[in-house]
Amino acid sequence: MLKLGVNIDHVATLREARYPRAAAGEPDPVVAARLAEAAGAHGITAHLREDRRHIQDRDIWLLREVVQTRLNMEMANTPELVRIAQGLKPDIVCLVPERRLEVTTEGGLDVAHHRYSLAETRKRLNDSGIEVSLFIAPDEAQVEASEQVGSQFVELHTGALAQRYGNPQGRAAELERLKRAAAQAHELGLRVNAGHGLNYENVIGLFDVPYLVELNIGHSIISRAMVSGLETAVRDMLSAMAGYPL
Ligand code: PXP
(Lines give C-alpha, C1' and ligand atoms only; values in the text may rest on other atoms or scores of the structure.)
Protein backbone atom coordinates (compact mmCIF):
# COMPACT_ATOMS: atom_id res chain seq x y z
CA MET A 1 0.00 0.00 0.00
CA LEU A 2 1.29 3.41 -0.97
CA LYS A 3 1.69 5.49 2.20
CA LEU A 4 0.82 9.11 2.73
CA GLY A 5 2.98 11.52 4.71
CA VAL A 6 1.11 14.76 5.33
CA ASN A 7 3.30 17.85 5.25
CA ILE A 8 1.93 20.40 7.73
CA ASP A 9 4.32 23.28 7.01
CA HIS A 10 1.57 25.37 5.43
CA VAL A 11 -0.46 25.26 8.61
CA ALA A 12 2.47 26.91 10.35
CA THR A 13 2.85 29.35 7.44
CA LEU A 14 -0.68 30.61 8.07
CA ARG A 15 -0.09 30.89 11.80
CA GLU A 16 3.16 32.81 11.28
CA ALA A 17 1.32 35.28 9.04
CA ARG A 18 -0.62 36.46 12.10
CA TYR A 19 1.45 35.37 15.11
CA PRO A 20 5.09 35.45 14.02
CA ARG A 21 7.37 33.66 16.49
CA ALA A 22 4.70 33.82 19.21
CA ALA A 23 4.49 31.15 21.91
CA ALA A 24 1.08 30.09 20.61
CA GLY A 25 -1.36 30.94 17.86
CA GLU A 26 -3.75 29.44 15.38
CA PRO A 27 -3.85 27.33 13.34
CA ASP A 28 -1.61 24.95 15.25
CA PRO A 29 0.38 22.46 13.14
CA VAL A 30 0.47 20.07 16.09
CA VAL A 31 -3.34 19.91 16.15
CA ALA A 32 -3.26 19.44 12.37
CA ALA A 33 -0.86 16.51 12.77
CA ARG A 34 -3.22 14.77 15.19
CA LEU A 35 -6.18 15.26 12.84
CA ALA A 36 -4.20 13.98 9.86
CA GLU A 37 -3.23 10.86 11.78
CA ALA A 38 -6.81 10.33 12.94
CA ALA A 39 -7.84 10.42 9.27
CA GLY A 40 -5.34 7.70 8.37
CA ALA A 41 -2.12 9.50 7.41
CA HIS A 42 0.87 7.16 7.70
CA GLY A 43 3.29 9.88 8.69
CA ILE A 44 3.70 13.57 9.44
CA THR A 45 6.29 15.71 7.70
CA ALA A 46 7.57 19.06 8.96
CA HIS A 47 10.45 21.17 7.68
CA LEU A 48 12.40 23.03 10.34
CA ARG A 49 14.00 25.65 8.16
CA GLU A 50 17.15 27.55 9.06
CA ASP A 51 15.16 30.81 8.86
CA ARG A 52 12.22 29.31 10.88
CA ARG A 53 9.87 30.67 8.24
CA HIS A 54 7.03 28.35 9.24
CA ILE A 55 7.68 25.43 11.62
CA GLN A 56 9.21 26.64 14.91
CA ASP A 57 11.36 24.70 17.36
CA ARG A 58 8.37 24.45 19.71
CA ASP A 59 6.38 22.73 16.94
CA ILE A 60 8.96 20.10 16.13
CA TRP A 61 9.46 19.13 19.77
CA LEU A 62 5.72 18.91 20.39
CA LEU A 63 5.30 16.93 17.20
CA ARG A 64 7.88 14.45 18.47
CA GLU A 65 5.71 13.97 21.56
CA VAL A 66 2.34 13.60 19.85
CA VAL A 67 3.02 11.94 16.49
CA GLN A 68 2.09 8.28 16.78
CA THR A 69 2.91 7.25 13.22
CA ARG A 70 6.21 8.40 11.77
CA LEU A 71 7.74 11.83 12.11
CA ASN A 72 9.67 12.88 9.03
CA MET A 73 11.79 15.94 9.74
CA GLU A 74 12.88 17.82 6.66
CA MET A 75 15.97 19.93 7.14
CA ALA A 76 19.05 21.39 5.52
CA ASN A 77 22.41 19.77 6.13
CA THR A 78 23.75 22.26 8.71
CA PRO A 79 25.51 21.61 12.03
CA GLU A 80 22.72 23.32 14.01
CA LEU A 81 19.96 21.22 12.46
CA VAL A 82 21.92 18.00 12.69
CA ARG A 83 22.36 18.67 16.43
CA ILE A 84 18.63 19.31 16.84
CA ALA A 85 17.76 16.13 14.94
CA GLN A 86 20.18 14.05 17.03
CA GLY A 87 18.39 15.21 20.18
CA LEU A 88 14.88 15.07 18.75
CA LYS A 89 15.19 11.66 17.13
CA PRO A 90 12.56 11.88 14.41
CA ASP A 91 11.92 8.52 12.77
CA ILE A 92 13.44 9.81 9.56
CA VAL A 93 15.23 12.92 8.36
CA CYS A 94 14.83 14.06 4.78
CA LEU A 95 17.75 16.27 3.81
CA VAL A 96 16.65 19.06 1.49
CA PRO A 97 18.41 22.01 -0.13
CA GLU A 98 17.72 25.48 1.23
CA ARG A 99 20.45 27.43 -0.54
CA ARG A 100 20.85 27.97 -4.25
CA LEU A 101 24.31 26.43 -4.34
CA GLU A 102 23.03 23.09 -3.01
CA VAL A 103 20.33 22.75 -5.63
CA THR A 104 20.51 20.95 -8.95
CA THR A 105 19.05 22.70 -11.97
CA GLU A 106 15.93 20.61 -11.40
CA GLY A 107 15.43 21.57 -7.81
CA GLY A 108 16.61 18.59 -5.77
CA LEU A 109 19.63 18.29 -3.54
CA ASP A 110 22.89 18.22 -5.47
CA VAL A 111 24.09 15.01 -3.82
CA ALA A 112 26.75 14.44 -6.43
CA HIS A 113 28.49 17.69 -5.39
CA HIS A 114 28.02 17.33 -1.65
CA ARG A 115 28.48 13.63 -1.19
CA TYR A 116 31.19 13.83 1.50
CA SER A 117 29.35 16.16 3.86
CA LEU A 118 26.09 14.34 3.19
CA ALA A 119 27.73 10.99 3.94
CA GLU A 120 29.05 12.36 7.23
CA THR A 121 25.63 13.67 8.22
CA ARG A 122 23.96 10.47 7.08
CA LYS A 123 26.26 8.51 9.37
CA ARG A 124 25.68 10.81 12.36
CA LEU A 125 21.92 10.53 11.95
CA ASN A 126 21.98 6.76 11.43
CA ASP A 127 24.19 6.41 14.52
CA SER A 128 21.45 8.24 16.45
CA GLY A 129 18.89 5.70 15.22
CA ILE A 130 17.37 7.98 12.56
CA GLU A 131 16.76 6.85 9.00
CA VAL A 132 17.88 9.21 6.25
CA SER A 133 16.29 10.24 2.98
CA LEU A 134 17.69 12.57 0.31
CA PHE A 135 15.36 14.80 -1.71
CA ILE A 136 16.65 14.55 -5.27
CA ALA A 137 15.65 15.18 -8.85
CA PRO A 138 14.85 11.96 -10.74
CA ASP A 139 18.28 12.00 -12.26
CA GLU A 140 20.67 9.07 -12.73
CA ALA A 141 23.74 10.82 -11.28
CA GLN A 142 21.83 11.92 -8.16
CA VAL A 143 20.41 8.45 -7.53
CA GLU A 144 23.87 6.94 -7.90
CA ALA A 145 25.39 9.51 -5.53
CA SER A 146 22.61 8.85 -2.99
CA GLU A 147 23.57 5.21 -2.90
CA GLN A 148 27.19 6.19 -2.32
CA VAL A 149 26.13 8.47 0.54
CA GLY A 150 24.44 5.43 2.09
CA SER A 151 20.99 6.89 2.65
CA GLN A 152 18.12 4.47 3.26
CA PHE A 153 15.64 6.42 1.11
CA VAL A 154 15.53 8.88 -1.71
CA GLU A 155 12.57 11.20 -2.16
CA LEU A 156 12.09 11.85 -5.86
CA HIS A 157 11.20 15.45 -6.67
CA THR A 158 7.88 15.47 -8.51
CA GLY A 159 7.78 19.24 -9.04
CA ALA A 160 8.62 19.02 -12.75
CA LEU A 161 5.90 16.41 -13.26
CA ALA A 162 3.41 18.66 -11.48
CA GLN A 163 4.43 21.64 -13.61
CA ARG A 164 4.19 19.77 -16.90
CA TYR A 165 1.21 17.61 -16.02
CA GLY A 166 -1.19 19.54 -18.28
CA ASN A 167 0.98 18.96 -21.33
CA PRO A 168 0.76 15.33 -22.56
CA GLN A 169 4.31 15.25 -23.94
CA GLY A 170 5.77 16.93 -20.90
CA ARG A 171 3.86 14.63 -18.58
CA ALA A 172 5.04 11.52 -20.43
CA ALA A 173 8.66 12.69 -20.37
CA GLU A 174 8.59 13.44 -16.64
CA LEU A 175 6.90 10.14 -15.85
CA GLU A 176 9.55 8.32 -17.84
CA ARG A 177 12.29 10.00 -15.81
CA LEU A 178 10.54 9.17 -12.54
CA LYS A 179 10.07 5.53 -13.59
CA ARG A 180 13.72 5.17 -14.54
CA ALA A 181 14.95 6.82 -11.35
CA ALA A 182 12.65 4.72 -9.15
CA ALA A 183 13.81 1.50 -10.83
CA GLN A 184 17.47 2.50 -10.55
CA ALA A 185 17.10 3.43 -6.87
CA HIS A 186 15.33 0.15 -6.12
CA GLU A 187 18.04 -1.81 -7.88
CA LEU A 188 20.67 -0.05 -5.76
CA GLY A 189 18.80 -1.02 -2.60
CA LEU A 190 17.31 2.40 -1.86
CA ARG A 191 13.69 2.79 -0.80
CA VAL A 192 11.76 5.33 -2.82
CA ASN A 193 9.48 8.15 -1.69
CA ALA A 194 8.23 11.02 -3.82
CA GLY A 195 6.79 14.46 -3.34
CA HIS A 196 6.40 18.14 -4.15
CA GLY A 197 3.55 19.67 -6.12
CA LEU A 198 1.35 16.57 -5.93
CA ASN A 199 -2.40 17.03 -5.86
CA TYR A 200 -5.63 15.02 -6.13
CA GLU A 201 -5.32 14.87 -9.92
CA ASN A 202 -1.65 14.39 -10.75
CA VAL A 203 -1.10 11.81 -8.00
CA ILE A 204 -2.80 9.30 -10.27
CA GLY A 205 -0.03 9.78 -12.82
CA LEU A 206 2.36 8.22 -10.32
CA PHE A 207 0.59 4.86 -10.49
CA ASP A 208 2.97 3.97 -13.33
CA VAL A 209 6.06 4.70 -11.24
CA PRO A 210 7.24 1.48 -9.58
CA TYR A 211 8.52 0.82 -6.05
CA LEU A 212 7.04 3.89 -4.37
CA VAL A 213 6.80 3.57 -0.60
CA GLU A 214 5.42 6.95 0.48
CA LEU A 215 4.27 10.26 -0.95
CA ASN A 216 4.80 13.48 0.98
CA ILE A 217 2.02 15.92 0.22
CA GLY A 218 1.33 19.29 1.78
CA HIS A 219 -0.07 22.18 -0.21
CA SER A 220 -2.97 20.46 -1.94
CA ILE A 221 -4.18 18.73 1.25
CA ILE A 222 -3.95 21.85 3.41
CA SER A 223 -5.66 23.88 0.67
CA ARG A 224 -8.54 21.44 0.41
CA ALA A 225 -8.79 21.37 4.19
CA MET A 226 -9.81 25.04 4.12
CA VAL A 227 -13.10 24.08 2.56
CA SER A 228 -13.60 20.44 3.49
CA GLY A 229 -11.82 20.11 6.83
CA LEU A 230 -8.48 18.39 7.27
CA GLU A 231 -9.74 14.90 8.00
CA THR A 232 -11.84 14.84 4.82
CA ALA A 233 -8.93 16.26 2.81
CA VAL A 234 -6.61 13.49 4.10
CA ARG A 235 -9.20 10.76 3.47
CA ASP A 236 -9.80 12.08 -0.06
CA MET A 237 -6.08 11.86 -0.78
CA LEU A 238 -5.85 8.34 0.63
CA SER A 239 -8.69 7.29 -1.69
CA ALA A 240 -7.01 8.99 -4.65
CA MET A 241 -3.85 6.99 -3.90
CA ALA A 242 -5.61 3.67 -3.28
CA GLY A 243 -5.23 2.49 -6.90
CA TYR A 244 -1.44 2.32 -6.69
CA PRO A 245 -0.64 -1.20 -7.86
CA LEU A 246 1.94 -2.30 -5.28
N1 PXP B 1 8.67 16.86 -0.19
C2 PXP B 1 9.60 17.78 0.13
C3 PXP B 1 11.02 17.33 0.25
C4 PXP B 1 9.24 19.11 0.38
O5 PXP B 1 10.19 20.01 0.71
C6 PXP B 1 7.88 19.47 0.30
C7 PXP B 1 7.46 20.85 0.62
O8 PXP B 1 7.88 21.74 -0.29
C9 PXP B 1 6.95 18.49 -0.05
C10 PXP B 1 7.38 17.19 -0.29
C11 PXP B 1 5.50 18.80 -0.16
O12 PXP B 1 5.26 19.63 -1.25
P13 PXP B 1 3.83 20.22 -1.52
O14 PXP B 1 3.52 21.18 -0.41
O15 PXP B 1 3.95 20.86 -2.84
O16 PXP B 1 2.86 19.06 -1.50
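Read the numbers this way: they start at 1 and go in the same order the structure lists the ligands and their atoms. Just so it is clear, the model here is predicted, and its values are computed rather than measured. We use all heavy atoms of the structure for the numbers below, so side chains are in, but hydrogens, waters and symmetry mates are not.
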- Can you list the steps and then say if Asn72 with Thr45 is a side-chain hydrogen bond (donor to acceptor under 3.5 Å, both in side chains)? CA-CA 5 Å; Asn72 172 22; Thr45 298; 3.1 Å; yes
- With no hydrogens and no angle check, do the side chains of Gln142 and Asp110 hold a donor and an acceptor under 3.5 Å apart? yes
- Item | Exceeds 12 heavy-atom contacts within 6.0 angstrom, atom NZ of Lys179 | yes
- Query: Can you check side-chain hydrogen bond (donor to acceptor under 3.5 Å, both in side chains) on His47 and Glu98, steps first, answer last?
  - Reply: CA-CA 11 Å; His47 184 173; Glu98 284 187 20; 2.8 Å; yes
- Consider only side-chain N and O atoms of Asn126 and Glu131, and report whether a donor and an acceptor are under 3.5 Å apart. no
- Those protein residues which place at least one heavy atom below 4.0 Å from ligand 1: Asn7, His10, Glu74, Val96, Phe135, Glu155, Gly195, His196, Gly197, Asn216, Ile217, Gly218, His219
- Partners passing ring pair (Phe, Tyr, Trp, His ring centres under 6.0 Å) against His196 (at least two apart in sequence or in another chain): His157
